[in-house]
Visitor: 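Quick one: the structure is below, and I'll ask about it shortly.
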Amino acid sequence: MKKVTTGGPLVVHAHNIYTLKVFGLFCQLKEESEFYQASLCEDGINYEVEHYDLSRVQRWCKGRYRVEVDELATKYTCECGLFEHFGLPCSHILRVG
C-alpha cells in the first residue's frame, strides 16, 4: 500500500483506517468541506456551516447545516446524518473539526 504523506494528519489517519475505496470517498468529502464556512453559534458547542455560494448548491441540498460538538466525548454530530448512516464524517463536520 502506498504511503500518504500529504494532506495533514487527518488525511494520513484516514488513509490508515479506511479501505482504498472509502478513503477516496473521504478525500472527496474533505475537498467539499473547502466550500463551506463555519460560524460559532454557541460557546464551542454548536456551529452553523454554510456553503460559500448557496446559488451553487443542488436543490435537494440545504446548503446550511448545524453541527454539534460534544467536547467531553470529542463527538461531532451533523444534522445531515452522514456519519451515523455511513461511518464517514461529512464535509460539514470536517469544516468544523
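Computation of the quantities below employed the complete heavy-atom set of this structure, encompassing side-chain atoms and omitting hydrogens, waters and symmetry-equivalent molecules. All of these numbers come straight from a predicted model, not from anything done at the bench.
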Visitor: For the OH atom of Y36 and the CG atom of L94, what is their distance to the nearest 0.5 Å?
Guide: 11.5 Å
Visitor: With the side chain counted from C-beta on, respond yes when F23 and I17 share a heavy-atom pair under 4.5 Å apart, and no when they do not.
Guide: no
Visitor: For the residue pair V49 and H92, what are the closest heavy atoms and their distance?
Guide: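 It is CG2-O, 3.9 Å.
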Visitor: Do you know which two heavy atoms are closest between L40 and I45, and how far apart they sit?
Guide: CD1-N, 4.3 Å
Visitor: Return a table of donor-acceptor pairs under 3.5 angstrom between the side chains of residues 76-90 and protein atoms on other chains or two or more places apart.
Guide:
from, atom 1, to, atom 2, distance (Å)
E79, OE1, K62, NZ, 2.7
E79, OE2, K62, NZ, 3.3
E79, OE2, R66, N, 2.6

Visitor: Which residues satisfy the side chain to side chain donor-acceptor pair (under 3.5 Å) test with E68, sequence neighbours excluded?
Guide: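 Result, side chain to side chain donor-acceptor pair (under 3.5 Å) vs E68: none returned.
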Visitor: Should L10 and Y18 be counted in the same cluster of Ile, Leu, Val, Met, Phe, Trp and Tyr side chains packed under 4.5 Å apart?
Guide: yes
Visitor: E34: which residues meet the side chain to side chain donor-acceptor pair (under 3.5 Å) condition with it, sequence neighbours left out?
Guide: R95
Visitor: Taking atom CD of E50 and atom CD of Q37, what is their separation to the nearest 0.5 Å?
Guide: 6.0 Å
